Amino acid sequence: MSALLELREVHTYYGQIHALKGISLEVNQGEIVTLIGSNGAGKSTTLRTISGILHPRRGEVLLQGKPMTNIPPHKVVEAGIGHVPEGRGVFPRLTVLENLEMGAYLLRDKHEIARRMENVFTLFPRLRERVRQPGGTLSGGEQQMLAIGRALMQQPRIMLLDEPSMGLAPLLVEEIFNIIRRLNQEQGTTILLVEQNAQAALQVANRAYVLETGRISISGTADELLHDSRIIEAYLGL
Amino acid sequence: MNLPRTNALEAVLRPLGQLLLFVTGSSVAVSLVVIAAAYLLRGTRTDMDLVQITYVLLPQVLIDGITLGFVYATIALGYTMVYGVLEFINFAHGEIFMFGAFAGVEILIFMRLRGMLTDIGDITALAYVVLAVLTGMVVSGLLAVSVERVAYRPLRGSPRLIPLISAIGVSFFLQDTMRFLQSSINGDFYRSFPTFGPFTQRFTLFTVDLDGRALDVAIQYKAIIMIVVALMMLVGLNYLVNATKVGKAIRAVAQDQRTAGLMGINVNAIIAITFLVGGALGGAAGALFAFRFTRVDPFVGFLPGLKAFTAAVLGGIGNITGAMLGGIVLGLLESFAASYLSIFTRGAFGAEYKDIFAFAILIAILIFKPSGLLGQTVGQKA
């Protein structure tokens with residue numbers, strides 16, 4: 001079975017800085033795969049390379065075997081990769097409604113847009129109460145819901161989530177991870193999750209990769225990694 | 001389920017209301033200042049009654065100021081749109097305006113050579129003015145897009161000063177290109193807007209009684225046409241930015257370019273559309289300018305361009321509502337200065353000093369309130 005998303009020996013640079021040094025990974029249909037690692041390991045860089053914000057100097061990004069390398073972000077979105085960026089990327093001065101409409105930018109069918117929006121509101125009832133409010137006035141948790149909801153408007157084949165728990169209170173973190181689980185189980189969304197909160201990420205994921213200074217050091221099922229002494233020592237802090 | 005939509009009617013009525021507020025507000029403010037000055041300086045002149053003269057001139061000065069203000073506002077929107085999206089000041093915008101002015105004049109001259117401007121009805125004449133404006137819009141819009149593609153896009157991501165220098169270069173290039181074209185084809189580098197139609201006729205608003213003499217307060221058809229056309233541009237732009245999908249995409253790109261790309265928005269295309277719209281507004285203003293002042297030359301865009309830039313800064317660069325406010329304030333100030341300065345100073349300062357006001361405002365705003373009267377950016381709903 002060929003993977004839904006595959007990275008083959010990807011090398012990405014920021015100018016002279018060699019940020020990704022040959023990353024290979026796979027995400028299969030219906031999985032939650034998490035990419036954990038410390039600050040500056042290259043997690044966000046990996047996601048940005050997948051979504052076309054950055055272009056790899058060597059290596060390939062494949063979506064169902066089709067190369068995604070060197071095409072601009074808006075074409076990557078069209079191909080079915082949704083990216084919820086680090087820091088959420090909510091448009092602060094567009095209303096919640098307009099933010100969601102931007103998620104459906106490529107879609108013309110008004111009924112389909114309305115149907116997807118209804119789906120988002122069912123998942124995040126709080127967004128419905130705030131449709132008229134500018135995105136920038138929402139709380140951090142609400143903004144994260146909006147960013148995820150906006151990506152759902154694209155009905156992506158795979159959703160890239162970049163540190164969705166960042167800067168949120170513990171209760172909200174739990175809520176966000178519940179949402180990720182629901183997205184996967186109820187909506188059948190395939191997810192590639194980048195997290196610093198390794199514990200929570202490993203609990204929600206099927207498989208995991210550990211990224212260290214631009215290289216994948218450990219990979220396996222989430223269960224294996226949760227019990228791996230190296231992981232426990234370095235990332236779980238138990 | 002019933003989702004709150006951006007109401008089309010609201011998107012039209014709102015800018016109209018704002019404009020009405022700006023026009024009446026700044027008219028009243030400037031008038032009061034001038035009237036107060038007239039009372040204060042009354043004693044300085046024995047040859048005439050300053051207060052009376054002030055009142056007599058006032059309506060005409062207001063009409064002229066508002067007309068000019070709408071033109072400045074239309075040009076200022078071009079600066080502000082581009083700044084909102086790229087945080088870059090397109091200093092070639094004045095030359096894009098100049099190309100629009102020439103385009104409007106050239107198409108009418110072309111039609112006059114074919115005898116199309118003689119013996120025509122009022123409606124046809126009006127249609128031809130509209131045609132000139134549309135031609136200006138098309139030429140300037142396309143020119144702005146080409147300039148962006150050739151001179152700005154390759155420099156995106158370089159330090160901010162670089163595209164600015166490029167813009168100044170483009171500005172000289174366009175001036176000289178037009179001078180070259182005009183002098184090699186026509187032998188002279190200025191052109192005149194053909195005279196036709198009833199536009200210089202005046203429409204009497206009311207008559208004032210001045211010591212037994214009846215004095216008409218009148219408005220030229222020209223001014224009415226200019227105000228109406230400019231109004232349509234301003235309202236149209238507000239509609240585009242606030243109520244259409246493209247407009248929302250423009251605002252999204254202005255707020256967060258990278259995330260806009262992740263929404264499937266083609267950021268380069270949206271930036272090109274921003275230049276197209278801003279350029280088209282500049283071209284419309286150029287054609288209106290030619291309609292009003294008749295003579296156009298390759299350097300005609302320089303001063304209006306700088307003043308419209310001042311207007312944009314005054315209102316808060318990047319802010320669409322602010323550009324409209326700034327344009328109207330500036331137009332009124334200039335018109336008032338041109339009329340009252342020499343009367344109040346006993347001729348020491350003539351109308352030729354009117355430009356001092358625009359640039360004194362620019363400096364004052366940059367020192368005391370760099371974010372402008374209204375602040376904020378294109379990303380903001382206007």
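All values derive from a computational prediction rather than experimental measurement. Throughout, protein chains are lettered first and strands after them, A, B, ... in sequence-line order, and every chain is numbered starting at 1.
- With B:Q255 contributing its side chain and A:R93 its backbone, the two residues share a donor-acceptor pair below 3.5 Å.
- Only the backbone of A:L107 comes within less than 4.5 Å of a heavy atom of chain B; no side-chain atom from C-beta onward does.
- In this structure, A:P85 and B:R258 have side chains that are not in contact, with every pair of non-hydrogen atoms separated by 4.5 Å or more.
- A salt bridge does not link B:K245 to A:E101: none of the charged side-chain nitrogens sits closer than 4.0 Å to a carboxylate oxygen.
- Residue contact with chain B, scored on non-hydrogen atoms closer than 4.5 Å, involves the backbone of A:A104 exclusively.
- Residue A:F91 comes nearest to B:D256 through the heavy atom pair CE2-O, 3.6 Å, listed as atom of the first residue, atom of the second, then distance.
- With a 4.5 Å cut-off on side-chain heavy atoms, B:L262 and A:I53 count as touching.
- Counting heavy-atom pairs under 4.5 Å between each of A:G89, A:G52, A:P134 and chain B puts A:G89 at the top.
- When side chains are defined from C-beta on, B:N266 counts as touching A:H74, because their heavy atoms get closer than 4.5 Å.
- The most heavy-atom pairs under 4.5 Å with chain B, out of A:K75, A:R88, A:R48, come from A:R48.
- A side chain to side chain contact (heavy atoms under 4.5 Å, CB included) with B:M263 holds for exactly one of A:M153, A:R150, A:H83; it is A:R150.
- When the shell of 6.0 Å around CZ of B:R156 is examined, it contains more than 12 heavy atoms from other residues, nucleotides or ligands.
- Interface remark: A:Q154 contributes side-chain atoms only to the contact with chain B (heavy atom separation under 4.5 Å).
- Closest heavy-atom contact between B:G264 and A:Y105: O-CD2, 3.7 Å.
- At a 4.5 Å heavy-atom cutoff, the contact between A:P92 and chain B is made by backbone and side-chain atoms alike.
- Considering every non-hydrogen atom in both A:E98 and B:N242, the closest pair reads OE2-O, 4.4 Å.
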